[in-house]
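In this chain, residues are counted from 1 in sequence order. Whatever order the structure lists them in is the order used to number ligands and atoms, beginning at 1.
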Amino acid sequence: MAEIISGKVVSAAKREELKERVKALNEKGISTGLAVIIVGNNSASRVYVNNKKKGCEEIGVTSFEYALSEETTEAELLTLINELNNDDRVDGILCQLPLPKHIDEKVILNFIDPAKDVDAFHPVNVGHIMIGDFTFLPCTPAGIMEMLKFYNISVSGKKCVVIGRSNIVGKPMAMLLLKENGTVEICHSRTANLKEETLSADILVAAVGIADFVTADMVKEGAVVIDVGMNRNAEGKLCGDVCFDEVEKKASFITPVPGGVGPMTITMLLENTVRSAEAKA
Ligand code: NAP
């Protein structure tokens, strides 16, 4: 039976560390601030933004919320970002996605000062991640690396298979595993013989977005299985990409959903915000 990797436990430990770092900055007279922009009335986005604000409060970071109407123009949003880029109280700028259809997400994300891009979505920061020399961590993959470290799971020399090649999860995940000397393979919807690939994995990361996609017959005995998926099953319950009940019998370690990768993502966003303030210091 697999040992459960608890994102809640790792996240709580990390937030304690961040609290201390924010306190140390405050003692030097340096404040830490995160600007959160939300455009429109997407209810899921509102939940995410509230959780990010709560996370800031917990570790002593000031959050500045900009809740804009659905009708906000791209030009108006760029004007706000320009102000925040030049505001010394703001160490990180986060623009909650998705944006309304009339706003080009790429234009907006590329306009955020790379030095305040705590989501690490700006091409400059993506480039830094690619060359393995970065300040801002890609939040979800970095949260996974933090969990592996916490549970003393070494990546070096391991065969790592990542299912999914998105810019937010799959690709940066592969880069972080590679940086830790894993032998990394990325699979996607066009991968031939996916099962053959996943069966070779010592560490398997599923970032597909399909409930119950990874079944026990796709997993090597003793593998570490990380489930990034956040899906709703037929009953509307939150579930991952992995058939947890059957895979936990075969894996050595496994992340549950909820309570696995999810809690780590916001924590790593907070880590990036604190890093930005430390760089300013
Ligand atoms: P995405 O952009 O939709 O990417 C999904 C990836 O899965 C794509 O690369 C796609 O391949 C691949 N895929 C789809 N069907 C496949 C199949 N049959 N076989 C193999 N690969 C297949 O999604 P994402 O943004 O990376 O997110 C993935 C999941 O993680 C979602 O459930 C999302 O909600 C969740 N998520 C969770 C967190 C968190 O904090 N816990 C953060 C981000 C995302 P192609 O490229 O070929 O289409």
Side-chain angles (χ1 to χ4, degrees), residues 4-11 14-15 36 42-45 47-52 54-55 94-99 105-106 109 118-121 126 129 136-148 160-177 184-201 204-215 217-219 225-234 236-244 254-272:
I4 305 293
I5 298 178
S6 168
K8 285 186 192 160
V9 169
V10 185
S11 177
K14 185 77 196 168
R15 287 186 189 202
V36 183
N42 183 315
S43 56
S45 292
V47 172
Y48 291 135
V49 163
N50 287 348
N51 287 338
K52 286 165 187 175
K54 235 191 271 167
L94 182 148
C95 189
Q96 186 64 48
L97 302 180
L99 289 169
E105 281 183 3
K106 213 156 123 191
L109 296 180
V118 284
D119 261 332
F121 289 162
V126 173
I129 293 162
F136 292 138
L137 305 155
C139 297
T140 301
I144 292 169
M145 298 309 286
E146 197 71 26
M147 290 197 291
L148 294 176
C160 308
V161 175
V162 179
I163 322 176
R165 57 173 163 179
S166 70
N167 290 331
I168 295 175
V169 187
K171 284 184 204 164
M173 184 74 248
M175 288 302 126
L176 297 195
L177 290 165
V184 184
E185 183 178 311
I186 304 180
C187 297
H188 45 79
S189 67
R190 310 291 173 86
T191 298
N193 303 321
L194 179 67
K195 184 173 158 185
E196 207 174 281
E197 308 302 338
T198 59
L199 274 171
S200 71
L204 179 62
V205 181
V208 186
I210 301 176
D212 293 341
F213 184 81
V214 176
T215 46
D217 61 334
M218 295 168 73
V219 176
V225 179
I226 307 293
D227 191 350
V228 186
M230 286 203 323
N231 314 299
R232 296 274 162 195
N233 65 14
K237 233 179 95 192
L238 186 66
C239 65
D241 289 346
V242 175
C243 277
F244 184 88
I254 190 166
T255 60
V257 178
V261 176
M264 291 305 298
T265 300
I266 295 179
T267 298
M268 299 318 285
L269 171 83
L270 299 172
E271 160 79 34
N272 282 345

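Every atom of ligand 1 with a heavy atom of Gly262 under 4.0 Å away is listed here by number and element: 41 (N). For ligand 1 and Val169, the ligand atoms under 4.0 Å from any heavy atom of the residue are 26 (O), 43 (C), 44 (C). Per-residue contacts place Ala207 under 4.0 angstrom from the following atoms of ligand 1 (heavy atoms of the residue considered): 5 (C), 6 (C), 7 (O), 28 (C). The Gly164 neighbourhood of ligand 1 comprises atoms 6 (C), 7 (O), 9 (O), with distances under 4.0 Å to a heavy atom of that residue. Of all atoms in ligand 1, listed by their number and element, those nearer than 4.0 Å to a heavy atom of Asn231 are 32 (O).
Residue Phe244 forms a side chain to side chain contact (heavy atoms under 4.5 Å, CB included) with just one option from Thr255, Val214, Ile4, and that option is Ile4.
Partners of Ser200 by side-chain hydrogen bond (donor to acceptor under 3.5 Å, both in side chains), not counting sequence neighbours, listed by chain and number: Lys159.
Remark: among candidates Lys171, Met230, Arg165, the nearest residue to atom 9 (O) of ligand 1 is Arg165, based on non-hydrogen atoms. Closest to atom 35 (C) of ligand 1 by heavy atom, among Val214, Val228, Asp241, is Val228.
The side chain of Thr265, and not its backbone, has at least one atom closer than 4.0 Å to an atom of ligand 1 (non-hydrogen atoms only; side chain from C-beta on). With a 4.0 Å cut-off on non-hydrogen atoms, Ile163 touches ligand 1 through its side chain and not its backbone. The proximity of Val208 to ligand 1, defined as any non-hydrogen pair under 4.0 Å, involves the side chain as well as the backbone.
Residue contacts with ligand 1: Arg190 is placed with no nitrogen or oxygen under 3.5 Å of a nitrogen or oxygen of the ligand (distance criterion only).
From Gln96, atom CD reaches atom OG of Ser45 across 4.5 Å, with rounding to the nearest 0.5 Å. Between the CD atom of Glu146 and the CE atom of Met264 there is a distance of 5.0 Å, given to the nearest 0.5 Å.
Of all the heavy atoms in Cys160 and Leu177, the pair that sits closest is CB-CD1, 3.9 Å. Listed here is the closest heavy atom pair of Ile186 and Ala174: CD1-CB, 3.5 Å. The minimum heavy-atom distance between Asn42 and Pro98, with the atom names listed, is ND2-CG, 3.8 Å.
At least one donor-acceptor pair closer than 3.5 Å links the side chain of Ser166 to the backbone N or O of Val169. At least one donor-acceptor pair closer than 3.5 Å links the side chain of Thr198 to the backbone N or O of Met218. Side chain of Asp241 to backbone of Ala211: no donor-acceptor contact under 3.5 angstrom is found. Using a distance-only test at 3.5 Å, with no hydrogens or angles considered, no donor-acceptor pair links the side chain of Asp119 to the main chain of Leu94.
If you check which protein heavy atom lies closest to atom 31 (C) of ligand 1, you get Gly209 CA, 3.7 Å. Closest protein heavy atom to atom 25 (O) of ligand 1: Ser166 OG, 3.9 Å. When hydrogens are left out, the protein atom nearest atom 22 (C) of ligand 1 is Ser189 N, 3.6 Å; that is the closest non-hydrogen contact. Distance from atom 42 (C) of ligand 1 to its nearest protein heavy atom, with residue and atom name: Thr140 OG1, 3.3 Å. Looking from atom 18 (N) of ligand 1 to the surrounding protein, the closest heavy atom is Phe213 CE1, 3.4 Å.
Every heavy atom of Gly170 sits 4.0 Å or more from the atoms of ligand 1.
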